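Below, read A as the first sequence line, B as the second, and so on, with proteins coming before strands; counting in each chain starts at 1. No experiment lies behind these values; they were computed from the predicted model shown.
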Amino acid sequence: MDQSDDQLHAMRHSLAHIMANAIQTRWPEAKFGVGPVIENGFYYDIDLGDNTLSENDLKQIEVIMAGIIKADEPFELIEMAIDEAVEWAKQNNQPYKLELLNDLKERGTTSIDKQELKEEVFQIDKDKAAKTVTFYRNGDFTDLCKGPHLKSTGMVGSFKLTKTSGAYWRGKDTNPQMQRIYGIAFSSKEELEKHLEMIEESKKRDHRKLGQALDLFVFSDLVGSGLPLYTPRGTVLIEELKTALRDMSKDYDIQLVSIPHMAKLDLYKMSGHAEKFADELFYVKSHYAQEFVLKPVNCPHHIQIYSSRPRSYRDLPIRYFEQTMQYRDEKPGQIGGLQRTRGFTVDDGHTFCTTDQIKQEVEVLVKIVKQFYEGLGLWGKHWVSLSVRDNATPEKYIGEPQDWDKAESMLTKISDKLKLDAKRMEGEAALYGPKLDFMFKDALGRETQLATIQLDFAMPKRFGLNYIDQTGKEQVPVMIHRAILGSFERFMMLLIEHFAGNFPVWLAPEQVRLITVNQEDKTTHFAEKIGKKAKELGVRTSIDNSNESVGKKIRNSELLKIPYTLIIGDKEISSGEFTPRIRNDLKVNSEDHQYNIDELLKTIANESKSRVLHSSL
RNA sequence: GCCGAAGUAGCUCAGCGGUAGAGCACAUCCAUGGUAAGGAUGGGGUCACGAGUUCAAAUCUCGUCUUCGGCUCCA
């Protein structure tokens, strides 16, 4: 942090206090939680009893805040003995602050474990903590706080309260829910406006908006929430991605398998998923005795294929791969666009190998991930999570501790060697083992996991898998679960937002649009002839022969972000030469070029076949 | 699931107790057009669904479904 960052931090933190001050003015009975600085701003969690907040309240609060800022009162540091502070919290009826103070008194920190309270707001040096804490006073408002603050309220820059929400005290859903108010703040009005503009711009890239505008997918109340329906255009995208992945897997001796979408509940009882996904299973009733569920994962099925016959060390590694849908009954509040759906298609793969082969297998998978994302210009837009278990909650995992230790240390070594710059995330592991997760951000800055590589010593043991080694003895294989693009739904979301709908030619649902200048027969016939040629070359084309002005038809083509638009009139019919309208982002330079139609279509065909993924091989 | 907001034509939205509106899209006709919206006419809505209040409900109240912003959880 340089000095200006410090200053910005202090300013945002001071604004959190000013906001709390304003709220205390408006609702004197308010009980305060925590009010940390976050990216671009701050928030404060407040218990307002039965009162709830609406947009109008935010405006009111802003007005009161403006008054406090105008008064320009200083922030005054008060040091208090811990017991005195506890007394203060009791007197002022601040139960949440009291809880924090008691934690400080006992442990010198307010955080219970890493899961909770990720933002350390007022952590204090452990030796000192038990004895004294610091408060900041501003006008009539005093708050437990480690600081730092600005000298006075008049020094804050520009801010805006943006949204309210419920938030559980200390992030635990069994705790009471408080009201959280978010604000953004910058040192100048210009920066604030720039940021607001940027948010507006990002919203235009939102996959839900573009999905509608570009006619890629829809939802239906009758089909149900979280169940996307892909239109022909959207399906082209999905199918192109599927083909790209299948082509890639051929290069790495990965075998395609295929499984049904449901199975007996017993299968998931054995795998441990029945317990883990207890609330998320879709049950399927049979007329006969058995109980089925829609598959929430694919690994137990792939395991059944592995175990269907004896395996030798000579067979390993065995790599299964499949693109299939899985189903999870997500809670209503979690579903949104393609970010979280109740049915989603995964590119799921499972490698069965010996312990000695792990390193090589994981390295190859990382290579594939890198190749895939690099090809789309997404590599570098991610961070890697080395997701390990949380020792405090062993009940969340299956398998033996020594296997976990081994798996975690192996994965750490591999990730270090490959310089993935992975961040160790405790408690983020899968049910059966640690994993490398590749995290990306959507248009609105929300994080989402796409690619994942997971090491699993537990599941093979549970299912009694084995292979015969060189000495004729039975050994337990290791399983590597992996997904390159994660789910096609999430990946579509990322693609749409990353390209803002301007897909590379190979992915574009429609690659060339032919626009006729008039409705004369010779024009129509010529357009149809070109359309046929394009189709033969595998170029996705459509003809707009509608009764509209040329300008209008061009506009429609542009709005659909079609890479190439060809205007067909007398000039083109007689010369056979075209000056294609090329989508802005694809133009090499701003000059227009004339092409012979055959030459042009061949160029486009090549472009659409050269899936970026292969060019980097 | 929890806290809040919202559902009016295919889309974007106005109307907010007294017979349902606009622009775009769609259809028909006129214009035969040259690189981002030519003109005219027309069709289309149980105002998400179900109860209630009222002489009268798109409008007020409650419930259900769906969507959105967060929280929690997750691919």
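Here B:rU35 presents its P atom at 12 Å from CD1 of A:I515, a figure rounded to the nearest Å. Residue A:I46 contributes atom CD1, which lies 15 Å from atom C1' of B:rC71 at whole-angstrom precision.
As judged by a 4.0 angstrom heavy-atom cut-off over every strand, A:Q449 is placed among residues touching the sugar-phosphate backbone only. A:T523 comes within 4.0 angstrom of no nucleic acid atom, judged by non-hydrogen atoms across all strands. Among the heavy atoms of the strands lying under 4.0 Å from A:D173 are primed sugar atoms or P, OP1, OP2 only; no base atom is included. Residue A:R180 is classed as a sugar-phosphate contact, given heavy-atom separations below 4.0 Å to backbone atoms only. Among the protein residues, A:F219 comes within range of no part of the nucleic acid, since none of its heavy atoms lies under 4.0 Å from any strand. When heavy atoms are screened at a 4.0 angstrom cut-off, A:R208 is found touching the sugar-phosphate backbone but no base atom. Across all strands shown, A:K553 has no heavy atoms under 4.0 Å from either base or sugar-phosphate atoms. Among the protein residues, A:D570 comes within range of the nucleic acid bases, having at least one heavy atom under 4.0 Å from a base atom. Counting non-hydrogen atoms under 4.0 angstrom, A:N547 reaches a base of the nucleic acid. Residue A:V550 is classed as a sugar-phosphate contact, given heavy-atom separations below 4.0 Å to backbone atoms only. At the heavy-atom level, A:G343 lies nowhere under 4.0 Å from the strands shown. The residue A:I335 sits close only to the backbone: its heavy atoms come under 4.0 Å of sugar-phosphate atoms, none of a base. As judged by a 4.0 angstrom heavy-atom cut-off over every strand, A:K203 is placed among residues making no nucleic acid contact.
Residues of residues 483-498 of chain A having a heavy atom closer than 4.0 Å to RNA chain B, listed by number: A:S487, A:R490. Of the residues in residues 272-281 of chain A, none has a non-hydrogen atom less than 4.0 angstrom from any atom of RNA chain B.
With a 6.0 Å cutoff to the six-membered ring centre and a 45° limit on the axis angle, A:R12 does not count as a cation-pi contact of A:F42.
Spacing between B:rU59 and B:rG18 at atom P, rounded to whole Å, works out to 11 Å. A distance of about 38 Å separates the P atoms of B:rC71 and B:rA58, rounded to the whole Å. Rounded to the nearest Å, the gap between the P atom of B:rC60 and that of B:rC3 is 22 Å. For the C1' atoms, the distance linking B:rG52 with B:rA14 amounts to 28 Å, nearest Å. Comparing B:rU61 with B:rG21, their P atoms sit 25 Å apart, to the nearest whole Å.
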Set out, line by line, the N/O atom pairs under 3.5 Å between protein and nucleotides 11-14 of chain B.
| unit_1 | atom_1 | unit_2 | atom_2 | d |
| --- | --- | --- | --- | --- |
| B:rC11 | O3' | A:Q212 | NE2 | 2.9 |

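A salt bridge is absent between A:K242 and A:D347: the closest approach of a Lys/Arg side-chain nitrogen to an acidic carboxylate oxygen does not fall below 4.0 angstrom. Using a 4.0 Å cut-off between a side-chain N of Lys or Arg and a carboxylate O of Asp or Glu, A:E201 and A:K204 qualify as a salt bridge. Between A:K203 and A:E200, at least one side-chain nitrogen of the basic residue sits less than 4.0 Å from a carboxylate oxygen of the acidic one, meeting the salt-bridge criterion.
Under 4.0 angstrom from either OP1 or OP2 of B:rU67 there lies at least one side-chain N or O belonging to A:S225. The side chain of A:K331 contributes no N or O atom lying less than 4.0 Å from OP1 or OP2 of B:rC73. Taking side-chain N and O atoms only, A:Y182 has a distance below 4.0 Å to OP1 or OP2 of B:rC71. Contact annotation: A:R581 side-chain N/O to B:rA36 OP1/OP2 distance is under 4.0 Å. Residue A:K552 places at least one side-chain N or O closer than 4.0 Å to OP1 or OP2 of B:rA25.
Across the strands present, B:rG23 finds its partner in B:rC11; the criterion is a Watson-Crick or G-U wobble pair with both atom distances under 3.5 angstrom.
Toward the 5' end of RNA chain B, the nearer of the two residues A:Q454 and A:G569, judged by each one's closest nucleotide, is A:G569. When the nearest nucleotides of RNA chain B are assigned to A:A430 and A:E572 by heavy-atom distance, the more 5′-ward of the two goes with A:E572.
The aromatic ring centres of A:F372 and A:F491 sit less than 6.0 Å apart.
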